[in-house]
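Here the structure is laid out as structure tokens; the discussion comes afterwards.
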Number of protein chains: 2
Amino acid sequence: MPPNNIIDLHGLKQACSSCSLHDLCIPMGVSDQELEALERIINRRRPLHRGDYLYRPGDSMEALYAVRSGSVKTSALSDDGQEQVTGFHLPGELLGLDAISDGTHPCAARALETTSVCEIPFERLEELAGRIPGLQRQLFRIMSREIQSDEHLMTLLAKKSSDARLAAFLLSLSSRFGKRGFSRQEFNLTMSRNDISNYLGLAVETVSRLFTRFQENGLLAVDRKLVKILDMDRLHQVAGAQAVDEPRSGKKGG
Amino acid sequence: MPPNNIIDLHGLKQACSSCSLHDLCIPMGVSDQELEALERIINRRRPLHRGDYLYRPGDSMEALYAVRSGSVKTSALSDDGQEQVTGFHLPGELLGLDAISDGTHPCAARALETTSVCEIPFERLEELAGRIPGLQRQLFRIMSREIQSDEHLMTLLAKKSSDARLAAFLLSLSSRFGKRGFSRQEFNLTMSRNDISNYLGLAVETVSRLFTRFQENGLLAVDRKLVKILDMDRLHQVAGAQAVDEPRSGKKGG
DNA sequence: CGGCTGCTTGATTACGCTCAAGATTAGTGG
DNA sequence: CCACTAATCTTGAGCGTAATCAAGCAGCCG
């Protein structure tokens with residue numbers, strides 16, 4: 001008989017142990033035996049299509065979600081009702097951590113492309129974490145990392161010029177793609193220019209102009225959604241300092 | 001004999017059960033019995049003076065800290081070496097959550113005034129959390145709340161005008177002081193204008209001008225560090241929408 | 001093929017920054 | 001307690017970056 005610790009929905013098996021995201025996702029630092037217990041509580045959700053909501057603000061939080069493939073955007077509504085994109089999530093990343101405190105999702109999560117996720121019922125995860133120290137620790141670590149990266153983004157928004165923001169954004173994507181075994185030089189932006197600008201606290205027009213300028217300056221080759229990083233070093237410089245970009249005309253970046 | 005679950009350092013007893021911050025701090029949602037176990041691992045630190053570091057970036061993280069009295073500012077160094085203030089922490093708030101993932105503090109924590117903190121050795125806290133479900137849950141909640149409030153700040157930095165930022169900042173302080181039993185209308189800013197401007201992603205001069213304008217418009221009465229909120233409703237309006245402030249000259253807020 | 005949405009480009013505006021100087025406060029030592 | 005210094009804060013003038021407004025272009029859907 002089929003082992004029922006491997007749930008088989010929609011004709012696809014899933015198992016953390018064989019998952020390529022093992023090193024990035026929850027299982028990291030958990031023994032094989034403990035992994036089985038974790039696998040037993042995880043459900044596989046039907047794949048989401050572009051634009052589908054994984055959850056909406058106000059939805060009660062029953063589970064965390066780990067992205068398996070595809071990508072997801074999370075966004076909050078500010079007091080005055082406008083959207084603020086709070087993050088883009090790649091395979092191996094955990095969604096819904098901000099909902100634990102209230103038991104209700106403060107954010108929306110929407111698929112940017114065809115996306116599949118693992119659903120991890122939170123109560124059972126909590127219970128398991130109490131019994132498996134390595135799992136508890138890993139959850140603390142993941143949440144801590146989230147806080148750290150939020151602080152990083154705060155710094156970006158508070159202190160950096162528009163070109164530094166976009167450069168840092170591209171480098172972050174590059175690095176995350178690299179960790180997942182994809183190219184660090186060339187990748188597809190699954191989100192719209194609008195999403196990017198929203199996330200970075202800029203106007204769409206500014207982001208569009210920046211892509212053009214980065215391309216003119218030989219930092220990137222951009223073809224619609226496809227981005228090729230041509231000069232990683234200079235991109236790092238642009239991301240680090242403020243407007244150290246070097247436009248061909250000699251005038252200071254803007 | 002004195003119960004040795006109440007540690008007595010520097011002549012001061014401490015006990016979570018009798019602490020006025022009970023409802024805000026870790027103990028919330030933990031039974032009396034479990035509280036004793038928590039109290040046993042918490043150390044009391046000698047009070048910090050204004051400017052003292054609780055920890056510095058790069059310090060290894062051995063403990064979390066709960067503010068008991070006073071206030072603390074946390075700040076990170078961005079790639080290009082400038083300071084970014086990431087938060088101001090009032091009594092009952094937990095510090096050091098961003099250090100769990102690496103075991104190293106990415107931020108500095110500095111006392112803004114004479115401040116006392118509880119030191120909570122993290123390894124022992126983790127171990128305890130594994131045995132006390134309510135404690136584990138409360139820790140997840142606290143970290144989740146931190147993520148949520150970071151997202152809120154991201155929205156502030158990405159979308160709001162300068163006056164909305166300052167208004168939101170003051171309202172946040174007001175609400176937090178209120179929860180601690182202090183006045184919501186009148187309080188002291190323990191941080192410098194520089195710290196505020198840094199935190200809000202503005203120039204010092206802008207913050208200074210905003211205080212002046214808020215006062216001219218009858219929103220606040222400001223006397224150096226002392227702030228009195230005169231019109232809470234309009235301050236909320238300013239914080240919510242962008243530049244809905246109504247300067248006497250009739251020109252739109254800027 | 002037509003209508004739509006998303007993206008790009010241009011012109012102009014404005015918000016908040018920078019630079020600069022002066023005022024007030026806090027800190028220090030006689 | 002007061003004088004002196006240093007730091008913080010306030011105010012003003014001018015500028016620059018990115019937003020806004022406006023139009024045209026390209027890709028994508030039915």
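These numbers come from the heavy atoms of this one structure, side chains and all, not from hydrogens, waters or symmetry mates. Residue numbering restarts at 1 for every chain, and letters A, B, ... go by the order of the sequence lines. Please read all numbers here as calculations on a predicted model, not as lab measurements.
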Worksheet item: Do A:T115 and A:E113 meet the criterion of a side-chain donor-acceptor pair at a distance under 3.5 Å?
Response: no
Worksheet entry | Phosphate-side-chain proximity, A:T212 and C:dT8, N/O vs OP1/OP2 below 4.0 Å | no
Discussion item. The side chain of B:R193 is closest to which nucleotide in this list: D:dC21, D:dT10, C:dT8?
Written reply: D:dT10
Practice prompt. Using only side-chain N and O atoms of B:K225, determine if any of them is under 4.0 Å from OP1 or OP2 of C:dA26.
Written response: no
Worksheet, complete the sentence: Checking C:dC7, D:dA19, D:dT10 against the side chain of A:S192 (C-beta onward), the nearest is C:dC7
Practice prompt. Looking at every strand, decide which applies to A:R224 at a 4.0 Å heavy-atom threshold: base, sugar-phosphate, or nothing.
Written response: sugar-phosphate
Discussion item. What I want to check is whether an N or O donor and acceptor connect the side chain of A:R213 with the base of D:dT17 at under 3.5 Å.
Written reply: no
Discussion item. Rounded to whole Å, please give me the gap between CG in A:L156 and P in D:dA18.
Written reply: 12 Å
Item to complete: Take atom CZ of A:R50 and atom P of D:dC28, then tell me their distance rounded to the nearest Å.
Response: 10 Å
Item to complete: With the side chain counted from C-beta on, respond yes when A:T190 and A:R50 share a heavy-atom pair under 4.5 Å apart, and no when they do not.
Response: no
Worksheet item: OP1, OP2 of C:dC15 versus side-chain N and O of B:S162: anything below 4.0 Å?
Response: no
Worksheet item: Do A:R145 and A:E93 meet the salt-bridge criterion of a basic N to acidic O distance under 4.0 Å?
Response: no
Worksheet item: Quick one: B:D223 CG to C:dA23 C1', roughly how many Å, whole number?
Response: 15 Å
Fill in: Rounded interatomic separation in angstrom, taking CZ from A:F211 and C1' from D:dA26
17 Å
Response to the item:
Of the listed C:dG16, D:dA19, D:dT20, the closest approach to the B:L202 side chain comes from C:dG16
Worksheet entry | Euclidean distance, atom CG of residue A:L189 to atom C1' of D:dG27 [Å, nearest integer] | 16 Å
Worksheet item: Can A:D79 and B:K160 be counted as an ion pair, charged N to O under 4.0 angstrom?
Response: yes
Worksheet item: Which whole-number value in Å describes the distance from B:L200 CG to C:dG16 C1'?
Response: 13 Å
Discussion item. Between D:dT20 and A:R209, counting only base atoms on the nucleotide and side-chain atoms on the residue, is there a donor-acceptor pair under 3.5 Å?
Written reply: yes
Response to the item:
Walking DNA chain C from its 5' end, the first of A:D195 and B:E205 to be reached, judged by nearest nucleotide, is A:D195
Worksheet entry | Phosphate OP1/OP2 of C:dC15: any B:S161 side-chain N/O under 4.0 Å | no
Item to complete: Look at the side chain of B:R165 against the base of C:dG16 and say whether a donor-acceptor pair falls under 3.5 Å; ignore hydrogens and angles.
Response: no
Item to complete: Verify whether one side chain among A:Q84 and A:T86 offers a donor that lies under 3.5 Å from an acceptor in the other.
Response: no
Discussion item. Let's see if you can work this out: which of C:dC7, D:dT20, C:dC19 has an atom nearest to the side-chain heavy atoms of A:N194?
Written reply: C:dC7
Practice prompt. Mind listing the closest non-hydrogen atom pair of A:F211 and A:L189 along with its distance?
Written response: CZ-CD1, 3.8 Å
Item to complete: Quickly work out the A:K160 NZ to D:dT17 P distance and round it to whole Å.
Response: 17 Å
Discussion item. If I take atom CG in residue B:L166 and atom C1' in nucleotide C:dC15, what distance separates them, rounded to the nearest angstrom?
Written reply: 16 Å
Item to complete: Indicate, with a heavy-atom threshold strictly under 4.0 Å, whether A:S208 touches base, sugar-phosphate, or nothing.
Response: base
